[in-house]
Amino acid sequence: MEMPRRRKPLLLVLAVSLLALAWPASCADPVLFPVAKDAATSLYTIPVRDGANHVIDLAGPLLWSTCASDHLPAKFSCKDPVCKLANAYRPPGCREAGQPCKQQCKAYPYNPVTGQCAAASLIHTRLVANTTDGKNPLRQVSVRAVAACAPKKLLARLPRDAAGVAGLAASGLALPAQVAASQRVARKFMLCLPRRDEGVAIFGGGPLFLLPESAIGDFTYTTLLSRRGSSGYYLPVKAVAVGKARVPLPRDALATGGVVLGTTAPYTALRHDVYRPLVDAFDKALTREWNNTRRVAAVAPFELCYDSKTLPGPTRIGWLVPDIDLVLEGGKTNWTFSGLSSMVDVNNSATSCFGFVEMKTEKGGYDGAPAVVIGGFQMENHVLQFDLEKRRLGFARVPFYTSCSNFNFTRAG
């Protein structure tokens, strides 16, 4: 059969234990999903049920989809531990979530684009996926899971073929915990977001090979942080640098709100007090190194745009512009974004814009109001390894001669 195309620590351990007891594990091989990028919305999706796509949300604590006739109702009481997991994180702007539980458990799925939420029943479902050796799909498996059955109105502004959202947070009813429980694999996952075609997500560990037989394994590691009331993955970013020179930011600007990873943000968004110094520092550094650079009119959503003919490059690692560094804990570890991750070509490549945007006022959500949301474009063609057991993130840039779209989805043998 062809594969389908297209923190609470105590609560998380409890969820894994409950689900593992309810459903015997079938294998110990990691579980593979293809990842697609929707051209219209810049959101990333995985197929989880009969080819139905779910938007992946790194901050999402639930798996939810619109109701289907083959869903099996899950009658959890309000006092059931699974109910507590389903309500461990509630969107602050969700009025429905403030209602007291009466007899049967309700969850509150959330649309990370519109900020809307709804009361929903819990259901039992099965996700269709393949196991992998890191090089190819091996065999098809059925992953049992508990999900929320949401009304169709919650699909607003999601990709046209999306049926719901697959939360990837470190919470008990998010996809990583449920795959780990059902398949008896490690509580870790790897994400390789594509710029085009299909990328890859592997749950349960590695390795990961990208054609032509390139093993991705030279990871740099940093601690995954959490913030009270949030299900997002936060990073210990101490400073931001442009061309190795630290950007002067207001005192505690990054600590106030934190720096979080967000797959539902198309581009990295920064609060005004962080955005303005970064944009000014980048423009000055670029013109100092390459004084023939010519600014052109802004192209939404970007402010800082240049005539591509006046930029150095392009090369296989993008335009030769100053690197952007996120300086991590201790000051000895950086996550570096070269021109391939910092510049966005627009107007049929006649214009190239600095791919960082000013954050709009937050309207609820699981993440509150962070200082920086690292968006999907900057994460593309990096391999991210989320180790939920050790609470750390590994990151590695994909070699220039391959990409996240070069996983071999042809079944081995």
Side-chain angles (χ1 to χ4, degrees), residues 7-15 56-62 84-94 97-98 107-113 115 117 165 167-177 187-189 191 221-240 249-265 268-275 326-331 333 335 358-376 378-379 384-395:
R7 194 106 93 302
K8 299 184 178 182
L10 180 59
L11 290 177
L12 181 56
V13 171
L14 179 59
I56 58 175
D57 179 9
L58 275 174
L62 294 172
K84 293 181 180 180
L85 292 171
N87 291 277
Y89 300 97
R90 295 186 179 186
C94 184
Y108 298 91
Y110 168 74
N111 181 317
V113 178
C117 69
V165 170
L168 301 185
S171 51
L173 292 188
L175 190 57
R187 288 191 293 116
K188 60 177 66 174
F189 65 97
L191 199 58
Y221 291 96
T222 190
T223 304
L224 281 173
L225 304 178
S226 60
R227 295 178 76 91
R228 185 176 181 180
S230 171
S231 53
Y233 294 107
Y234 288 80
L235 303 183
V237 178
K238 304 304 181 186
V240 179
L249 299 176
R251 183 181 178 86
D252 295 328
L254 296 175
T256 304
V259 178
V260 67
L261 296 165
T263 46
T264 58
T268 294
L270 305 96
R271 203 174 55 217
H272 178 77
D273 59 325
V274 181
Y275 172 79
L326 299 182
V327 182
L328 299 167
E329 53 191 343
T333 303
W335 187 356
E358 186 168 358
M359 187 180 295
K360 296 179 181 179
T361 303
E362 289 291 314
K363 297 180 180 180
Y366 293 106
D367 293 322
V372 180
V373 177
I374 301 173
Q378 278 68 40
M379 287 188 268
L384 305 181
Q385 183 190 74
F386 294 80
D387 188 332
L388 306 185
E389 296 171 354
K390 296 182 178 179
R391 295 296 303 172
R392 69 177 186 175
L393 173 73
F395 55 92

Quiz prompt | Distance, nearest 0.5 Å, that separates OH of Tyr221 from OG1 of Thr333 | solution = 12.5 Å
Quiz item: Tell me, do Arg391 and Ser226 make a side-chain contact under 4.5 Å, heavy atoms counted?
Solution: yes
Practice problem: Measure from the side-chain N and O atoms of Tyr233 to the backbone N and O of Ala170, and report whether any donor-acceptor pair falls under 3.5 Å. | Solution: yes
Quiz item: Taking C-beta and beyond as the side chain, do Trp335 and Leu235 meet within less than 4.5 Å on heavy atoms?
Solution: yes
Quiz prompt | Side chain to side chain, Leu328 and Phe395, heavy atoms closer than 4.5 Å | solution = yes
Quiz item: Taking side chain as C-beta onward, heavy atoms only, is Phe386 less than 4.5 Å from Leu393?
Solution: yes
Quiz item: What residue among Leu261, Leu270, Leu326 forms side chain to side chain contact (heavy atoms under 4.5 Å, CB included) with Val372?
Solution: Leu270
Self-check item: 4.5 Å side-chain heavy-atom contact, Leu254 and Lys238
Solution: no
Quiz prompt | Side chains of Leu58 and Leu191 in contact at under 4.5 Å (non-hydrogen atoms) | solution = yes
Quiz prompt | Backbone of Thr256 reached by a side-chain donor or acceptor of Arg271 within 3.5 Å | solution = yes
Quiz item: Closest approach of Tyr234 and Gly232, non-hydrogen atoms and distance?
Solution: CD1-O, 3.5 Å
Quiz item: Which atom names give the shortest non-hydrogen contact between Ser231 and Ala59, and what distance separates them?
Solution: OG-O, 2.5 Å
Self-check item: Minimum heavy-atom distance Asp273-Leu249, with the two atoms named
Solution: O-CD2, 4.2 Å
Quiz prompt | Nearest non-hydrogen partners of Met379 and Ile374, listed with the distance | solution = CE-O, 3.3 Å
Practice problem: Check whether any side-chain heavy atom of Pro109 sits under 4.5 Å from a side-chain heavy atom of Val165, and report yes or no. | Solution: no
Practice problem: State whether the side chain of Thr263 and the backbone N or O of Ile56 hold a donor-acceptor pair below 3.5 Å, judged by distance alone. | Solution: yes
Exercise. Flag the pair Thr268 / Val373 as yes when at least one side-chain heavy-atom distance between them is below 4.5 Å, and no otherwise.
Key: no
Self-check item: Straight-line distance of Leu85 CG to Leu173 CG, nearest 0.5 Å
Solution: 5.0 Å
Quiz item: What are the two closest non-hydrogen atoms of Asn87 and Ala107, and how far apart are they?
Solution: OD1-CA, 4.4 Å
Quiz item: Which atom names give the shortest non-hydrogen contact between Ser171 and Gly60, and what distance separates them?
Solution: OG-O, 4.4 Å
Quiz prompt | Rounded distance (nearest 0.5 Å) linking atom CG of Asp387 with atom CG of Leu224 | solution = 8.5 Å
